[in-house]
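So you know, we letter chains A, B, ... as the sequences are listed, proteins then strands, and number each from 1. Note: hydrogens, waters and symmetry copies are ignored here, and every other heavy atom, side chains too, is used.
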Amino acid sequence: MNNSAAIEVLGLKKSFGENHAVQGVSFNVNQGEIFSLLGPNGAGKTTTISMLSCLLRPNDGDANIMGHSISTDPMGVKSVLGVVPQDLALYEDLTARENLSFWGKMYGLRGSTLKTRVDEVLNVIGLRDRANERVGKYSGGMKRRVNIGVALLHKPKVIYMDEPTVGIDPQSRRNILDSVVLLKNEGMTVLYTTHYMEEAQELSDHIGIMDHGKLIAHGTHDELVKMVGQQTRIDLTLNGNADQVMAAWKETEGVSRVTSDEGLISVLVQDSNLTLPHLFEAATKHSARITSVNISEPNLEAVFLHLTGRALRD
Amino acid sequence: MIRILDIAFKDLLQLSRDFKTFMFLLIMPILFTFLFGYAFGGFGGNESDSRVPVGYISLDDNWVTDELHDLLDKSEVIRLDENIFRSTSDLEKLVADGELAAAIIVPDGYGRAVLKDKTIRLTVLADTGTQAWTTIEAEILTAASRVDGAVRTAAIMEQFELEGVPFDYAFDEMLAAWEEPPIAIKETSSLVIEEGGENNALAHTSPGMMLQFAIAGLLTAAQVIVTERKSRTLQRLLTTATRRIHIVLGHFLAIFLLIFTQFIILIIFGQFALQVNYLRLPSATLLVAFTAALCISAMGLLIGILARTEEQAITFSLVPMFVFSGLGGAWVPLEFTGKTFQTIGHISPVAWGMDGFENIVARGLGFESVLIPCAALAGYAIVFFILAVWRLNAAEEK
Ligand SMILES: Nc1ncnc2c1ncn2[C@@H]1O[C@H](COP(=O)(O)OP(=O)(O)O)[C@@H](O)[C@H]1O
Ligand SMILES: [Mg+2]
């Protein structure tokens, strides 16, 4: 195995009848980094995670988790793993503390270690005050946090999080994203799936883009964006002689194209930080005022569009 | 391995949060034991008629036989329990089971034989080891002798008058007639008639309701298993280093502990509140309770695995409850039914459980008498458990 690879995925395939849900996916995740699988619903993210957690047997291919093969050493895999499933998987008639306590035992914790860890995790997920309420009475966001907390109890070396922020309030979402970064800082390797490109962009060291069961691209955020070769777009509105100003901007260094549509002027540039001051200078020279500016950095959305011809969000 | 205990404990915690668990396992059986016990005359029976029930069949049609019947029927000690549908073998069973204290069978030709001064005897089935027997024997002997004596005296007097037979011959004849008692006693296996008729109904309904509601109680236990699968907590359990068989055994253990505790509580209740003598043979009672709990919890495990929804878990528990209880004689004792039905009834594990408990509390049999019922219950437990594991594996083959 590659020394620094915590997760090594080798040509995984899985079909459900005629539905080829995962069609030969391969990637590596280095120890201590966050790897995001980004893709729309039905792309095959959960199926991939299920195979990597030894819940589904692949039709073909293999994977090593911290050196344990999912096909020959599932118990070894499970012993280094924490899994946050996409669907809430908790006992609703038990309290948060009882849930954590039970799951801790399933992860092999006992006695005072268990008790300490349950308290620590309750702190991390911010539910210490309400630990003795039944989970069934919690809000969606609180349940999600318990769902994540369960997987942290035994401080696993590798943690999978399958769309942990689906359907919750912005505050809980923030709390979860922050805690993912905390996990990474503690040295855990995180495999994160999402269909929100902002999350992938914010969190990840490496990103894999999945669609129709295939990993269509992977790399760092910058690598992926560069692959598309797209430029930053600056949208502006003006008070003054638009034609004169637009003509001047076309001559400005770093600008590749200027177009206008019903008063909104779009300028394509290589680097907005370098070029934007020159755009202001030119406007001033022609006695015009810039009344609004909007900068759109090239993003994963554009990458996905470029690769599949479809928008990430449908 | 310790995870089995953890899972069982978790299940029990969940079950304890569900009021239905207590309702089905404790409240309902106690309520229904009283209800059925009352319906079957379990209470107050001794107030209306304290005479001992004695079965009676006459295969003879003669006025002498009718005289005997009338004499017996007027008895202060015994109460003739007659049913024209009963056969001799039915009576044997009823006496053996302690439902009847004894039974009298009047053989064909009894009346004519008595008239013609031939030796013929009534057949009496009884357990001669009981206290009640002495009284019953005396009563039947008295009646039979009165009939016999009256007829013979009448006949001899007639001979005197018609033929002038010498008196000493007649006296010898009369003495000879007394050499053999006019009844033949057939010994049956020992039984506990002292318990009295008034307890027989409870000795039946107490184990009957206990077994029936143990099965009803499976619905909450099965729901825990179904919910675990549907809420995907089972999937999550499988992502931990917990083996599938440990999960299965954990659930099995939880249901077993629940049912076994129910049995113990209801047995103690039956013993002290209802005077059903479970503790006559504590080890036998414990063995029946243990194997019956094994069998019913394996059934619960199977139900939990077969049911796809919580609603199905309820149906899958209540249907076997009715079928097995009805078939197995938890409501109406199988002895009251025909041979065929008794055989069919023993398809139901409840029938074996009833046999086991009733051998102890109603039939007064020994420890060995529960061994076959217990073996049958254990056999069912193994079958149910294997089916459960097989279904679980089949469901996961995808
Ligand atoms: N257990 C299953 N049986 C049949 N089809 C499935 C099953 N799980 C997933 N699929 C199908 O596989 C494809 C990928 O699903 P999934 O891995 O859940 O995607 P994602 O998690 O990216 O939304 C979908 O078409 C889905 O319908
Ligand atoms: Mg998914």
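Between the side chain of B:R236 and the main chain of A:L88, no donor-acceptor pair closer than 3.5 Å is present. A donor-acceptor pair under 3.5 Å is formed between the side chain of A:K78 and the backbone N or O of B:L238.
The parts of A:N147 that come within reach of chain B are both its backbone and its side chain, each placing non-hydrogen atoms under 4.5 angstrom from that chain. For A:E98, the part lying near chain B is the side chain, with the backbone staying farther off; criterion is any non-hydrogen pair under 4.5 Å. Using a 4.5 Å cut-off between heavy atoms, A:Y91 contacts chain B through both its backbone and its side chain.
In the displayed structure, B:F269 atom CZ is contacted under 6.0 Å by more than 12 heavy atoms of other residues, nucleotides or ligands. Within 6.0 Å of atom NZ in A:K115, 12 or fewer heavy atoms from other residues, nucleotides or ligands are found, so the atom counts as exposed in its surroundings. More than 12 heavy atoms of other residues, nucleotides or ligands lie within 6.0 Å of CZ in A:R110, so this atom counts as buried by the packing criterion.
With respect to chain B, the highest number of heavy-atom pairs below 4.5 Å among A:V150, A:V77, A:L81, A:V84 belongs to A:V150. Chain A forms more heavy-atom pairs under 4.5 Å with one residue of B:D6, B:L13, B:T242 than with any other, namely B:D6.
For the atom pair A:F102 CZ and B:L237 CG, the distance stands at 5.0 Å (nearest 0.5 Å).
Looking at every heavy atom in both residues, A:M75 comes nearest to B:R243 through CE-CG, 3.7 Å. Closest approach of A:Y107 and B:T240 over heavy atoms only: CE2-CG2, 3.5 Å. In terms of heavy-atom proximity, B:T239 sits nearest to A:S53 at CG2-CB, 4.1 Å.
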Report the C-alpha separation of B:R17 and A:R134 in whole Å, then their side-chain angles, then the decisive distance to 0.1 Å, and conclude whether the side-chain contact (heavy atoms from CB on, under 4.5 Å) test is met. CA-CA 11 Å; B:R17 302 256 154 101; A:R134 293 194 196 176; 3.1 Å; yes
Apply the test side-chain contact (heavy atoms from CB on, under 4.5 Å) to residues A:M106 and B:I7: give CA-CA distance (whole Å), side-chain angles for both, the deciding distance (0.1 Å), then the verdict. CA-CA 9 Å; A:M106 292 302 107; B:I7 292 172; 3.9 Å; yes
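Looking at B:R232 and A:D87, a side-chain N of the basic residue comes within less than 4.0 Å of a carboxylate O on the acidic one, giving a salt bridge.
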